[in-house]
Undergrad: 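One structure, as structure tokens, below. Some questions next.
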Amino acid sequence: MNELLSLGPNSDALMTLGVVALMFVLFMREVYPTEVVAIAGAAILLALGVLPYEDAREVLANPAPWTIAAMFVVMGALVRTGALEWFTRLASAQADTRPGLAIGGLMAFVVVASAFVNNTPVVVVMIPVFVQLARKLNMSASKLLIPLSYAAILGGSLTLIGTSTNLLVDGVARSRGLDPFTIFEITPLAIILVAWGAVYLRFIAPYLLPDRDSMASLLSDKLPSKFFTEIVIPIDSVLVGQSARKVELFRRDGVRLVDVVRGDLSLRRSLTETNLAVGDRVVLRTPMSELLSLQQDPNLRPADQVSSVKTSTVEVLITPGCRMIGRTLGALRLRRRYGVYTLAVHRRNQNIAQSLDDLTVQVGDTLLLEGATEDIKRLAAEMDLVDISQPSERAYRRSHAPIALAALAGIVVFAALGFAPILLLAVLAMAVVFLTRCIDSDEAFAFIDGRLLALIFAMLAVATALETSGAIELIVVGFAPLISDLPPFLVVWAIYLLTSVLSELINHAVAVVLTPVAIGLAINLGVDPRPLVVAVMVAASATFATPISYQTNMMVFGPGGYKFTDFLKVGIPLNLSVGLLASAFIPIIWPL
């Protein structure tokens with residue numbers, strides 16, 4: 001097909017660059033999920049013939065994605081055995097007497113933990129702990145949750161296995177002929193960046209962080225002991241034919257009309273147009289005093305003797321493993337299956353309280369739920385939701401925690417000593433946690449982010465097409481003269497800045513495309529490619545300025561009640577300062 005579309009000697013390269021440019025536009029516009037765009041782009045390149053089938057098949061032999069998948073399982077074993085929780089309990093126990101020590105201890109734990117396991121579950125585990133800590137200290141959780149995410153991001157840069165980006169860049173670099181990175185090779189640079197990040201978060205960020213209420217405090221009234229009650233409209237009621245929204249009984253102080261159920265049909269989304277009919281079941285939220293009054297009203301009849309249930313309002317976080325992702329709230333039928341109502345959804349920059357039935361659940365959404373405490377717990381357990389108001393009380397296999405920790409330690413120690421490749425060690429550790437029942441297979445594979453792996457494989461295919469088509473050579477020939485006379489600091493800074501900007505606008509998967517470009521530039525300039533690859537590795541991970549650039553930023557967005565601009569205000573100074581520091585020290589540690 002590429003012969004039909006020939007544009008001259010550079011036709012393959014230009015077609016590949018055109019496809020990649022279109023992919024970047026779709027990434028930024030978010031018309032489709034990122035993994036869908038990446039898969040479509042790889043498929044188009046295959047169809048055009050600029051990505052040879054044999055080369056595309058070789059992508060599957062890249063060890064990086066398989067290492068990431070195995071590390072997800074080991075990380076899942078750490079979470080499932082409660083190995084992470086012991087440290088959090090130890091630090092949070094100091095909150096009442098030494099709050100500064102508690103916050104510092106938890107932040108240090110997040111940094112260290114993120115250096116060895118995927119930082120997304122670390123942040124998910126820590127969000128309820130930090131929310132509870134903020135409540136104890138009588139401060140807004142928004143003052144703590146962005147620092148939590150940033151600490152996890154910085155911690156992930158400490159080792160090769162700290163983030164999937166590091167492993168991915170290493171895999172691409174190895175496939176281009178570079179020596180493998182050792183597990184602690186980037187640690188000296190990362191320690192400098194973590195130290196600066198700690199100073200920034202302690203002394204500068206508090207002046208930039210917002211003091212903002214979460215969705216629960218914004219959208220729910222704070223009066224205690226509210227109850228759901230279900231009442232029936234009897235045949236002789238004067239309320240028959242009246243508009244549900246205009247009934248004075250339902251508009252008393254403290255009373256809120258939640259739903260009108262007619263047969264099996266919920267009329268909640270059209271209450272303004274609903275006129276009450278005989279047999280309608282009306283769901284109200286009310287304090288105990290009004291509940292007793294309503295039950296004695298002759299125009300109403302309790303649905304049954306146990307129809308009044310004490311309710312609570314809870315914020316839950318949609319994490320990558322949640323079983324609600326990709327389904328609409330209407331299709332989930334939470335009211336019928338669990339007796340739980342969704343009051344609002346926080347997504348990105350807005351609180352959504354209307355047309356919820358048609359809303360498709362996404363990773364990073366925060367749902368405001370109301371219902372009986374036991375019903376919400378049952379929903380959370382079945383759908384794998386995270387209650388951000390309090391740490392999980394889920395039963396752990398605590399006796400297996402030492403085994404999970406030993407499996408992780410084995411990866412780190414033997415990789416550091418060079419006994420075996422990280423992939424082999426990760427697979428062996430995965431087998432250990434399976435055979436010792438630290439985690440069951442169905443639980444373990446729920447921890448593997450299939451969408452991330454699909455994105456990685458597709459982007460590896462795109463990077464291969466850039467190389468085989470000559471697109472990288474075309475970019476290098478055009479870009480190299482612009483930086484050939486620059487000092488090492490500015491050469492590294494140019495690569496770092498390009499990677500950082502694209503990662504903030506799209507996501508860290510752009511590192512797959514930029515790594516071969518950096519290697520090609522280094523070869524053209526006659527310098528060692530390694531420092532430029534390190535610049536790509538660090539810049540693609542150290543993304544602080546937007547919530548869409550890194551999953552941990554998305555995780556804290558809703559629970560912190562943040563706006564998009566909050567990340568810009570706090571993140572851009574950190575982005576720039578970390579980039580300048582990295583650009584200064586990379587040529588010293590890895591001379592060009």
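Counting from 1, the numbers follow the sequence of the chain as shown. All figures in this text were calculated on a predicted structure; none of them were measured in a lab.
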Undergrad: Quick one: are Thr319 and Leu385 in side-chain contact, heavy atoms under 4.5 Å?
TA: no

Undergrad: If you count the non-hydrogen atoms of other residues, nucleotides and ligands that lie under 6.0 Å from CZ in Arg337, is the total more than 12?
TA: yes

Undergrad: Any idea which heavy atoms bring Ala511 and Ala540 closest together, and the distance?
TA: CB-CB, 3.6 Å

Undergrad: With sequence neighbours excluded, what pairs up with Glu248 under the salt bridge (charged side-chain N to carboxylate O under 4.0 Å, His left out) test?
TA: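 Partners of Glu248 under the salt bridge (charged side-chain N to carboxylate O under 4.0 Å, His left out) test: Arg251.
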
Undergrad: I'd like to know if the side chain of Asp259 and the backbone of Arg268 have a donor-acceptor N/O pair within less than 3.5 Å.
TA: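 Yes; judged by distance alone, with no hydrogens or angles, the pair exists.
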
Undergrad: The test is side chain to side chain contact (heavy atoms under 4.5 Å, CB included); show your working for Arg378 and Val340 and say whether it passes.
TA: CA-CA 10 Å; Arg378 182 165 57 92; Val340 174; over 6 Å; no

Undergrad: If you compare all heavy atoms of Val122 against all heavy atoms of Ser114, which two are closest, and at what distance to 0.1 Å?
TA: CG1-OG, 4.1 Å

Undergrad: Filter on ring-ring contact (aromatic ring centres under 6.0 Å, His included), then keep only pairs touching residues 136-155, sequence neighbours left out; what's left?
TA: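 Qualifying pairs: Tyr150-Phe544.
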
Undergrad: With the threshold set at 4.0 Å, does a side-chain nitrogen-carboxylate oxygen contact exist between Glu382 and Arg323?
TA: no

Undergrad: Under the salt bridge (charged side-chain N to carboxylate O under 4.0 Å, His left out) test, which residues partner Arg451, sequence neighbours left out?
TA: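 Partners of Arg451 under the salt bridge (charged side-chain N to carboxylate O under 4.0 Å, His left out) test: Glu35.
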
Undergrad: Give, for atom CG of Asp566 and atom CG of Leu145, the distance between the pair rounded to the nearest 0.5 Å.
TA: 11.5 Å

Undergrad: Given side chains that start at C-beta, do those of Val345 and Leu329 come closer than 4.5 Å, heavy atoms only?
TA: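 Result yes, sub-4.5 Å side-chain heavy-atom pair found.
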
Undergrad: So, the side chain of Asn119 versus the backbone of Ala152: is there a donor-acceptor pair under 3.5 Å, distance only?
TA: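 Yes, Asn119 side chain to Ala152 backbone: donor-acceptor pair under 3.5 Å.
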
Undergrad: Using 0.5 Å steps for rounding, measure from the CE atom of Met554 to the OG atom of Ser549.
TA: 10.0 Å

Undergrad: List the residues meeting ring pair (Phe, Tyr, Trp, His ring centres under 6.0 Å) with Phe457, not counting sequence neighbours, and say none if there are none.
TA: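 Phe457 satisfies ring pair (Phe, Tyr, Trp, His ring centres under 6.0 Å) with Trp66 once adjacent residues are dropped.
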
Undergrad: Taking the side chain from Asp449 and the backbone from Leu452, do they hold a donor-acceptor pair closer than 3.5 Å?
TA: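 Present.
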
Undergrad: Please walk me through it: do Thr328 and Leu359 pass side chain to side chain contact (heavy atoms under 4.5 Å, CB included)?
TA: CA-CA 5 Å; Thr328 65; Leu359 191 76; over 6 Å; no

Undergrad: Could you give me the CA-CA distance, side-chain angles and deciding distance for Leu505 and Phe24, then say whether side chain to side chain contact (heavy atoms under 4.5 Å, CB included) is met?
TA: CA-CA 9 Å; Leu505 294 176; Phe24 280 10; over 6 Å; no

Undergrad: Mind checking what makes side chain to side chain contact (heavy atoms under 4.5 Å, CB included) contact with Ser541, not counting sequence neighbours?
TA: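 Once residues adjacent in sequence are excluded, the partners of Ser541 under the side chain to side chain contact (heavy atoms under 4.5 Å, CB included) criterion are Thr163, Thr165, Asn166.
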
Undergrad: Can you name the salt bridge (charged side-chain N to carboxylate O under 4.0 Å, His left out) partners of Arg245, sequence neighbours left out?
TA: none

Undergrad: Would you say Val462 and Met23 make side-chain contact, with heavy atoms under 4.5 Å?
TA: yes

Undergrad: Could you check whether any side-chain heavy atom of Leu368 comes within less than 4.5 Å of a side-chain heavy atom of Thr342, counting everything from C-beta outward?
TA: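 Heavy-atom side-chain distance check fails, nothing below 4.5 Å.
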
Undergrad: Let me confirm one number: the CE-CG distance from Met75 to Leu78, rounded to the nearest 0.5 Å.
TA: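 Met75 CE to Leu78 CG: 8.5 Å, rounded to 0.5 Å.
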
Undergrad: Answer yes if the side chains of Thr366 and Glu315 hold a donor-acceptor pair under 3.5 Å, and no otherwise.
TA: no

Undergrad: Specify the closest pair of heavy atoms between Thr81 and Ala404, including all atoms of both residues, with the distance to one decimal.
TA: OG1-CB, 3.9 Å

Undergrad: Step by step, would you call Val124 with Met555 a side chain to side chain contact (heavy atoms under 4.5 Å, CB included)?
TA: CA-CA 7 Å; Val124 169; Met555 292 295 100; 3.9 Å; yes

Undergrad: Would you please test Phe567 and Phe557 for ring pair (Phe, Tyr, Trp, His ring centres under 6.0 Å) and show each step?
TA: CA-CA 9 Å; Phe567 284 86; Phe557 200 149; 5.6 Å; yes

Undergrad: Quick check: closest heavy atoms across Leu276 and Leu239, and the distance to 0.1 Å?
TA: CB-O, 3.6 Å

Undergrad: Please check if the side chain of Tyr200 supplies one atom and the backbone of Ala205 the other of a donor-acceptor pair under 3.5 Å.
TA: no

Undergrad: For the pair Lys143 (side chain) and Asp211 (backbone), establish whether a donor and an acceptor sit closer than 3.5 Å, ignoring hydrogens and angles.
TA: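 Such a contact is absent between Lys143 side chain and Asp211 backbone.
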
Undergrad: Measure the shortest side-chain to side-chain distance between Gln132 and Ile127 over non-hydrogen atoms and say whether it is less than 4.5 angstrom.
TA: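 Side-chain contact under 4.5 Å: no.
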
Undergrad: Is there a donor-acceptor contact under 3.5 Å from the side chain of Lys569 to the main chain of Leu209?
TA: no

Undergrad: List the atom of Tyr341, the atom of Val283, and the distance in Å for their closest heavy-atom pair.
TA: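 Distance-wise, the nearest heavy atoms are OH-CG2, 3.5 Å.
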
Undergrad: What I want to check is whether the side chains of Glu504 and Thr546 have a donor and an acceptor closer together than 3.5 Å.
TA: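 On atom types as modelled, these side chains qualify, holding a pair under 3.5 Å.
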
Undergrad: Can you tell me if Thr274 uses its side chain to pair, donor with acceptor, with the backbone of Ala244 under 3.5 Å?
TA: no

Undergrad: By ring pair (Phe, Tyr, Trp, His ring centres under 6.0 Å), which residues pair with Tyr32, not counting sequence neighbours?
TA: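 Here no residue qualifies.
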
Undergrad: Considering residues at least two apart in sequence or located in another chain, which fulfil the side chain to side chain contact (heavy atoms under 4.5 Å, CB included) criterion with Ala134?
TA: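 By the side chain to side chain contact (heavy atoms under 4.5 Å, CB included) rule, Ala134 matches Met139, Ala141, Leu144.
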
Undergrad: Determine the minimum heavy-atom distance between Met107 and Pro147, stating which atoms define it.
TA: CE-CB, 3.4 Å

Undergrad: So, using side-chain hydrogen bond (donor to acceptor under 3.5 Å, both in side chains) as the criterion, who are the partners of Ser149 when residues are at least two apart?
TA: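 side-chain hydrogen bond (donor to acceptor under 3.5 Å, both in side chains) check on Ser149 returns Thr552, Asn553.
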
Undergrad: Who pairs with Arg262 by side-chain hydrogen bond (donor to acceptor under 3.5 Å, both in side chains), at least two apart in sequence or on another chain?
TA: Asp280

Undergrad: Between Ser270 and Glu273, is there a donor-acceptor pair closer than 3.5 Å when you use the side chain of the first and the backbone of the second?
TA: no

Undergrad: Just wondering, do Phe447 and Ile439 contact through their side chains at under 4.5 Å, heavy atoms?
TA: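 Yes; the side chains approach each other to less than 4.5 Å.
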
Undergrad: Quick check for you: to the nearest 0.5 Å, what is the distance between Lys563 atom NZ and Ser142 atom OG?
TA: 11.5 Å

Undergrad: For Ser237, which residues count as a side-chain hydrogen bond (donor to acceptor under 3.5 Å, both in side chains) partner, sequence neighbours excluded?
TA: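 Expected list: none.
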
Undergrad: Between Tyr338 and Met383, is any pair of side-chain heavy atoms under 4.5 Å apart?
TA: yes

Undergrad: Could you check whether any side-chain heavy atom of Ile235 comes within less than 4.5 Å of a side-chain heavy atom of Val278, counting everything from C-beta outward?
TA: yes

Undergrad: Report the residues that fulfil side-chain hydrogen bond (donor to acceptor under 3.5 Å, both in side chains) with Asn275, sequence neighbours left out, ordered by chain and then residue number.
TA: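 side-chain hydrogen bond (donor to acceptor under 3.5 Å, both in side chains) list for Asn275, sorted by chain: empty.
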
Undergrad: Can you tell me how far the CD1 atom of Ile231 sits from the CG atom of Leu249, to the nearest 0.5 Å?
TA: 7.5 Å

Undergrad: Does a sphere of radius 6.0 Å around CG in Leu265 hold more than 12 heavy atoms from other residues, nucleotides or ligands, not counting ones at 6.0 Å or beyond?
TA: yes

Undergrad: Quick check for you: to the nearest 0.5 Å, what is the distance between Asn575 atom CG and Ser500 atom OG?
TA: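 If I round to the nearest 0.5 Å, the distance is 4.5 Å.
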
